[in-house]
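Let me begin by presenting the structure, written as structure tokens, before commenting on it.
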Amino acid sequence: MRSNEAFINAILNNSPIVFGAIDLENEKWIWRSTVTDSGDSFTGYTKAEMEAFEKNEIEIIVHPDDQKRFMNDIDKLKKSSLDEPVESVIRIKRSNESFVWVRVLHKTYEWDCEKKPLKAALVCEDITERVAVQERLKDTLRRLEEISHKNSHEIKAPVESILRIVSLIVRQNNIGTHNKLLIEHLYKSVQKLESIIVSINNLK
Amino acid sequence: MDFNANFIRAILDISPVYIGARDLITDDWIFRSGVHGNVDELTGHTLDELDAHMDDEIEFLIHEDDRKKAYDVFEKVKEPNCDKPVELTCRVLKQDGSWMWTRVIHVVYERDEDKRGTKVAVIAEDVSDQVTIERDLKEVVKRLDEISYQNSHEVRAPVASILGLVDLVLMQQNLTRKEEMLFECLYKSVEKLDSIIKEINTLSS
């Protein structure tokens, strides 16, 4: 397809992905699609802020727990003579101090004559929402699991004990008519309780 | 930035989104990424299969429940002065017969003298995983809500009634020591049950 500025702008301005190119030798950005003269619309940093942390960008914007892993990934990319994509899932800090989860893919597209990687293309996708939904799902499933355990194990013991005691009371010969009525109600309530607990267990 | 061929090839190879351009006059693709050999990577269909359905592409590729939405989007991008991205989330038929949730963004980038779109840039992404996980979460939350409702309403009622009845019995003066012991044991068991139910309520709320 013939290169067309309007088409490229339409793609770059509306894609949910950040596209970029990095100079692997000098560890510098060559270009990224979200950067304009006013700054980076993805991270929120101004041009001046970006220039200030150009030398130690990873230490400043990558979450401390993800830095080592990310540096290893970049090293892998720099040492590989192949053009295999290298993937990293990391948190990066925005100018408002919040962290976003991103999935970054790098692929070398220029080598020197000794096959040493020089430049890599990059795509970066914001996956914060996806990670949050996954975390919520995990947490809800864990809670369901715990409820399931409590309903089928912990609740069982007192319900069985209540049923046993009520049966013992029913077997007493000298219960008055009034008490007999109360105990009948008691027995019905326990049976109702048991059936509800069984129905809750069937929900899971 | 010099968008040289190697760079563009590398970007298209690793991009999770598929990029294309469509001619709105001929309703035909000008370009689309993700085509390897004769196969469209996103759907798995061969280009021959897709070409054979050029005239009924929407009926062939888009789930019948999403077709109206798709037609509306294609009409919208042809309207004069359509200068905002138009988004469509729909199910697309894959070659293996399964449906893939796809999010497609359309952006007009070329217009005629009446300001009607003639060419549109297309950005498509497979969002099936996202849709599945959101649906799973909705289902699990619904189950948790049901349990929460049952625990706090239906389970609490008989427990409260048992506690009340045992209380009534224990208030009587004419119980034998054995009866008193049995009812006290009963009370303790119900109390224990009540505390577990409260724990479950905390977990499910």
Side-chain angles (χ1 to χ4, degrees), chain A residues 1 3-4 6-11 14-17 19 21 30-31 83 85 103 105-110 119-121 123 125 130 133-134 136-137 140-141 143-144 146-147 150-151 154-155 158-159 161-162 165-166 168-169 172 174 179 182 185-186 189-190 192-193 196-197 199-200 203-204, chain B residues 1 3 6-7 9-11 13-17 19 21 30-31 85 105 107-110 119 121 123 125 129-130 133-134 136-137 140-141 143-144 146-147 150-151 154-155 157-159 161-162 165-166 168-169 172 174 176 178-179 182-183 185-186 189-190 192-193 196-197 199-200 203-204:
Chain A
M1 184 193 165
S3 178
N4 181 318
F7 170 74
I8 290 174
N9 283 338
I11 296 290
N14 296 285
S15 173
I17 305 294
F19 301 100
I30 300 169
W31 169 79
D83 62 354
R103 178 171 167 253
L105 278 152
H106 288 97
K107 190 176 180 182
T108 305
Y109 70 93
E110 209 174 291
K119 290 176 185 170
V123 292
E125 185 184 10
R130 214 177 305 166
V133 174
Q134 268 165 345
R136 226 185 126 200
L137 179 64
T140 315
L141 282 171
R143 279 155 65 198
L144 263 182
E146 246 182 276
I147 290 172
K150 279 188 189 291
N151 269 339
E154 292 181 35
I155 268 192
V159 170
S161 139
I162 291 166
I165 298 167
V166 173
L168 269 175
I169 294 170
Q172 299 288 306
N174 54 346
N179 281 354
L182 285 178
H185 280 304
L186 192 66
S189 295
V190 176
K192 180 154 173 63
L193 179 68
I196 294 166
I197 287 165
S199 80
I200 293 179
L203 268 179
K204 291 174 288 287
Chain B
M1 168 69 191
F3 294 114
N6 283 347
F7 171 71
R9 208 172 299 129
I11 284 285
D13 268 357
I14 55 176
S15 173
V17 297
I19 291 162
I30 303 165
F31 153 83
I105 300 168
V107 188
V108 173
Y109 71 92
E110 210 176 278
K119 283 178 186 166
I123 303 159
E125 190 181 8
D129 282 353
Q130 218 168 311
I133 200 168
E134 275 164 16
D136 287 352
L137 179 63
V140 174
V141 167
R143 262 151 60 197
L144 199 62
E146 280 170 358
I147 291 173
Q150 284 202 296
N151 263 329
E154 295 176 30
V155 174
V159 169
S161 139
I162 297 167
L165 288 166
V166 177
L168 266 177
V169 176
Q172 295 173 30
N174 56 347
T176 63
K178 193 181 172 192
E179 283 169 346
L182 282 173
F183 279 104
C185 271
L186 184 60
S189 293
V190 184
K192 167 95 185 133
L193 178 67
I196 298 170
I197 289 163
E199 279 172 34
I200 294 176
L203 272 174
S204 58

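To find a chain, count down the sequence lines: A is the first, B the second, and so on, and within it residues start at 1.
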Mind ranking [options] by heavy-atom pairs under 4.5 Å with chain A and telling me who comes out on top?
| options | answer |
| --- | --- |
| B:Asp136, B:Ile105, B:Leu144 | B:Leu144 |
| B:Leu168, B:Ile19, B:Val108 | B:Ile19 |
| B:Val166, B:Ile162, B:Ile197, B:Asn6 | B:Ile162 |
| B:Glu110, B:Arg9, B:Glu199 | B:Glu199 |

Heavy-atom distance under 4.5 Å to chain B: side chain of [X], backbone, both or neither?
| X | value |
| --- | --- |
| A:Glu110 | side chain |
| A:Glu125 | side chain |
| A:Leu186 | both |

query: Can you check whether B:Leu203's main-chain N or O pairs, donor with acceptor, with A:Arg143's side chain at less than 3.5 Å?
result: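 Yes, A:Arg143 side chain to B:Leu203 backbone: donor-acceptor pair under 3.5 Å.
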Any side-chain to backbone donor/acceptor pair from B:Ser161 onto B:Ala157? Under 3.5 Å, distance only.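 Here the side-chain-to-backbone pair does not exist.
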Exercise for review: With a 4.5 Å cut-off on heavy-atom pairs, point out which of A:Leu137, A:Leu141, A:Thr108 contacts chain B the most.
Suggested key: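 The answer is A:Leu137.
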Within a 6.0 Å radius of atom CG on A:Asn9, are there more than 12 heavy atoms belonging to other residues, nucleotides or ligands?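 Yes, the 6.0 Å shell around CG holds more than 12 heavy atoms from other groups.
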| query | Is A:Arg130 atom CZ crowded by more than 12 heavy atoms from other residues, nucleotides or ligands, each under 6.0 Å away? | reply |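 Counting other residues, nucleotides and ligands, CZ of A:Arg130 exceeds 12 neighbours.
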* Asked: Can you name the nearest heavy-atom pair linking B:Ser15 to A:Phe19, along with the distance?
  ->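 For B:Ser15 versus A:Phe19, the nearest heavy atoms are OG-CE2, 4.0 Å.
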Considering non-hydrogen atoms only, spot the tightest contact between A:Ser189 and B:Pro158 and give its length.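 Closest heavy-atom pair between A:Ser189 and B:Pro158: O-CB, 3.5 Å.
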